[in-house]
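Structure, as structure tokens:
Every value quoted in this text rests on a predicted model; they were computed, and no experiment measured them. No hydrogens, no waters, no symmetry mates; every other heavy atom, side chains included, goes into these values.
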Amino acid sequence: MEAAASRNSVPPERARPFFAFVLAVITVAALVSAVPLARLPGQLPDLPAAFWVMAGLAVLVDSRPFTPPGRRQSSAVFPSTCFTFAIMLGWGLAPAVAVQAAAVVVSSWRMRHVWWRAAFNIGQYALALFAAYGVSRLADLDRVGWGDVAVVAAAAGAWFLVKYGSVTVAVRLLFGGRWWAMFRQGLPFEALSIGALLLLSPVLLAAAERSAALIPLVLVPLYAVYRMARLSAEQEQLSRLDPLTGLANRKGLLGEVADQLPAHAERNAKGADERHLALLVLDLDRFKHVNDALGHAVGDRLLVEVGGRLTSAVRPGDVVARLGGDEFAILAPQLTSVDEARDLAARVVAELAEPVALDGLPLDVSGSMGIAVYPAHGEDFATLLRHADVAMYDAKHRGDTVAVYAPDSDHNSPERLSLLADLRRALDDGLGERDRQITMYYQPQVAIDTGEVVGVEALLRWRHPRHGMVDPEELIRVAEQSAVMRLLTRRVVDDVVEQVAKWSAAGLSLRAALNVSVRDLHDGEIADQIADRLARYALPADRLQLEITEGALMADPRRVLATIARLDKIGVAIALDDFGTGYSSMQHLRRLPLAEVKVDRSFVLGMSTDADDAAIVRSVIELAGALGLRVVAEGVEDERTWRLLHAAGCHVAQGWFYARPMPADELVTWLARYRAINPNGPTA
């Protein structure tokens with residue numbers, strides 16, 4: 001009844017165009033019906049009993065019309081349509097309009113419609129009957145043939161288009177939005193229910209010609225139509241609800257957003273910014289642990305409780321939905337600002353702060369929320385939902401409870417998706433070595449004591465045809481969250497192993513270190529690939545070294561450790577990269593089969609000017625030395641840092657003090673010119 005009640009009032013800003021349309025419909029209907037209705041009193045004595053039975057039934061059945069659930073459906077289903085259309089076919093326009101007007105008065109009284117709405121409904125019916133009457137006069141209903149049936153069907157189509165079209169125009173003027181979108185939205189339901197009533201009319205008229213006593217039998221198929229319409233609407237309603245919590249589901253939320261956006265778009269176009277629409281997405285923390293520890297039944301009860309708390313935290317008019325799993329959403333269409341969306345999110349967080357008691361066990365419930373606001377963060381449901389998701393994950397990563405969408409946090413922006421597609425094409429290219437976009441650069445690693453080049457680090461480079469050299473960190477961010485990372489790693493391993501084999505054949509014994517991602521370590525395939533490539537080129541395993549980060553270890557320690565153990569068994573050395581910037585570093589040094597730790601450049605760069613950085617570097621070197629691990633310092637860019645590292649006992653240095661990263665052919669040239677630098681003597 002909410003939709004009906006809302007149509008009894010008109011927003012002040014829409015009153016003028018809406019009532020102008022209502023008045024136009026009533027006026028035109030009065031003009032086309034005036035002459036036929038003026039002649040009606042003379043017709044009444046000649047009308048048969050069948051007419052009066054149909055008229056009485058039309059008024060009776062409309063005393064209880066069927067109003068479909070949901071917002072902004074085009075109209076209720078009025079069974080009188082069947083009888084008045086049959087009256088129009090059998091006895092003309094005026095009797096049909098008069099009976100339909102009487103039925104509308106009864107239904108409007110039962111549904112508590114205001115007077116202008118009743119008058120508007122009468123006008124719509126009169127115009128629809130007028131259009132149908134004009135078409136039906138082409139048929140000869142005394143001797144019905146196939147052509148006459150087609151004419152009657154066309155008359156029914158004319159009735160439907162006029163009635164349904166005028167209703168959707170009125171709804172458009174009342175609520176805003178696009179008329180064609182509204183027309184299509186309710187078309188399937190209306191065409192099924194109203195079409196069945198209209199096409200039942202010729203059958204009813206044929207029965208009436210045999211006997212008026214047959215007419216009441218039509219109530220049975222009418223009831224069937226009524227039940228069909230109700231069941232169809234109930235199924236549609238159920239399809240929009242989450243069966244566990246009773247909240248709206250994703251489809252229901254989509255429908256609500258589709259209802260709200262047109263009005264907000266219209267206000268936005270007019271520069272009226274008094275109301276904003278926000279979509280908030282909530283993801284519960286550690287819900288999987290509840291399922292694993294206590295079972296899915298307890299998890300379901302927890303979700304029901306969370307749904308109830310969310311409903312109590314929001315305001316009237318807000319919509320709470322369960323998107324699936326432990327993810328919920330809130331649609332807030334009446335906000336004044338982004339700050340008010342934050343306040344709503346804060347109320348939700350506060351509502352969830354109290355533990356949930358299930359079977360006497362208090363369960364802590366917390367979550368992260370992301371906010372996207374129309375139109376700043378998206379102009380359609382899919383974009384708003386994706387951006388709210390991005391904000392939610394941003395909040396999780398930052399350890400916050402609430403975050404508003406920021407483009408900088410969106411790793412799946414159109415630009416990045418385009419870059420990802422370009423990267424996939426670059427990896428699939430079949431070009432020659434000189435034309436390849438994806439190439440490897442190599443930076444020398446030098447033993448500090450002797451100045452000997454003991455290895456190189458392989459660094460990925462991508463020369464994009466339009467953007468030039470892509471920042472390596474951006475390249476990894478683009479690839480790491482997709483299946484392209486697997487292709488990229490396979491390419492890197494292939495290129496590096498092949499290059500080390502070429503150097504070995506030329507008499508250069510260099511160890512190459514290459515970086516691998518979290519995704520690579522989760523999948524043991526990388527160990528199989530490396531073993532295969534080493535065997536193909538008959539290359540000793542100690543010529544290859546993999547660098548992993550502490551962050552990769554923390555993501556899934558068990559799977560990562562299994563992959564590392566396989567690589568260690570093959571004979572490939574493992575280095576812990578960016579040491580000191582992650583978590584549980586001492587634990588990793590004790591558990592992992594490491595050969596080397598790399599001191600992060602952020603400490604090395606500052607050690608010549610910052611006493612704290614210098615102390616950290618010395619501590620790392622002493623710790624690694626006590627465990628028998630080799631230490632490599634990254635970011636060595638000046639002589640003072642180089643000498644400090646030597647004094648601290650660091651084994652290997654890497655940085656611009658020696659050389660920048662360079663392609664493989666340039667490295668060979670550089671090696672030919674390189675002269676070892678002795679830290680105990682003058683620099684060369």
Side-chain angles (χ1 to χ4, degrees), residues 240-254 256-257 278-315 318-332 341-373 377 381-382 384-406 409-412 481 518 554-557 583:
R240 294 169 176 263
L241 296 178
D242 173 51
L244 176 64
T245 62
L247 302 173
N249 59 15
R250 186 181 293 266
K251 180 180 178 181
L253 182 63
L254 171 60
E256 293 289 343
V257 174
L279 187 63
L280 293 76
V281 170
L282 166 70
D283 186 77
L284 300 181
D285 296 332
R286 301 176 299 279
F287 177 73
K288 183 178 182 297
H289 298 167
V290 174
N291 270 344
D292 292 344
L294 303 177
H296 289 278
V298 174
D300 287 348
R301 290 167 58 194
L302 179 60
L303 292 175
V304 172
E305 176 66 24
V306 169
R309 292 192 179 190
L310 294 180
T311 302
S312 64
V314 301
R315 308 162 311 164
D318 294 345
V319 179
V320 180
R322 180 183 174 221
L323 300 178
D326 60 345
E327 193 172 38
F328 294 82
I330 299 172
L331 176 66
R342 285 184 177 275
D343 292 341
L344 174 59
R347 287 202 305 274
V348 171
V349 170
E351 193 72 27
L352 295 177
E354 187 71 21
V356 176
L358 295 177
D359 297 333
L361 180 66
L363 300 177
D364 289 325
V365 181
S366 62
S368 301
M369 298 192 70
I371 302 172
V373 179
H377 304 148
F381 173 74
L384 285 170
L385 183 60
R386 186 174 70 81
H387 287 172
D389 258 332
V390 169
M392 180 267 292
Y393 282 112
D394 186 34
K396 276 188 181 293
H397 293 157
R398 292 193 283 109
D400 293 340
T401 54
V402 179
V404 177
Y405 172 75
S409 302
D410 192 352
H411 301 309
N412 293 313
Q481 302 302 319
V518 177
M554 294 300 294
D556 191 341
Y583 306 94

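Formation of a donor-acceptor pair under 3.5 Å by the Arg309 side chain with backbone atoms of Glu351 is found in this model.
Between Ala321 and Asn249, the shortest heavy-atom contact is CB-O, 4.2 Å. Minimum interatomic distance between Ala332 and Arg315 (heavy atoms only, all atoms of both residues): CB-NH2, 4.1 Å. Considering every non-hydrogen atom in both Leu254 and Phe381, the closest pair reads CD1-CD2, 3.4 Å. Contact between Ala388 and Ala372 at its shortest, heavy atoms only, is N-CB, 3.7 Å.
Summarising the geometry, atom CG belonging to Leu352 is positioned 5.5 Å from atom CG belonging to Leu310; distances are rounded to the nearest 0.5 Å. Separating the CG atom in Leu282 from the CD1 atom in Ile371 is a distance of 11.0 Å, to the nearest 0.5 Å.
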Item to check | Thr245/Val320 under side-chain contact (heavy atoms from CB on, under 4.5 Å): CA gap, chis, key distance, verdict | outcome: CA-CA 10 Å; Thr245 62; Val320 180; over 6 Å; no

Next on the checklist: Quick one, Val257 with Leu385, criterion side-chain contact (heavy atoms from CB on, under 4.5 Å). Give me CA distance, side-chain angles, the key distance, then yes/no.
Outcome noted: CA-CA 10 Å; Val257 174; Leu385 183 60; over 6 Å; no

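Shown are Asp242, Leu247, Leu241; of these, the side chain to side chain contact (heavy atoms under 4.5 Å, CB included) with Leu244 is made only by Asp242.
Counting heavy atoms from C-beta outward, Val356 and Arg301 have side chains that stay 4.5 Å or more apart. Looking only at side-chain heavy atoms (C-beta outward), Glu305 and Leu363 stay at 4.5 Å or farther from each other. Met369 is not listed as a side-chain neighbour of Val281, based on a closest heavy-atom distance of 4.5 Å or more. At least one side-chain heavy atom of His377 sits less than 4.5 Å from a side-chain heavy atom of Val404. The closest side-chain heavy-atom distance from Leu344 to Asp318 is below 4.5 Å. A heavy-atom distance below 4.5 Å is not found between the side chains of Asp326 and Leu302. Contact annotation: the side chain of Leu331 approaches that of Leu253 to within less than 4.5 Å [non-hydrogen atoms, C-beta and beyond].
The aromatic rings of Tyr405 and His387 lie parallel to each other, with less than 30° between the two planes, well short of the 60° mark.
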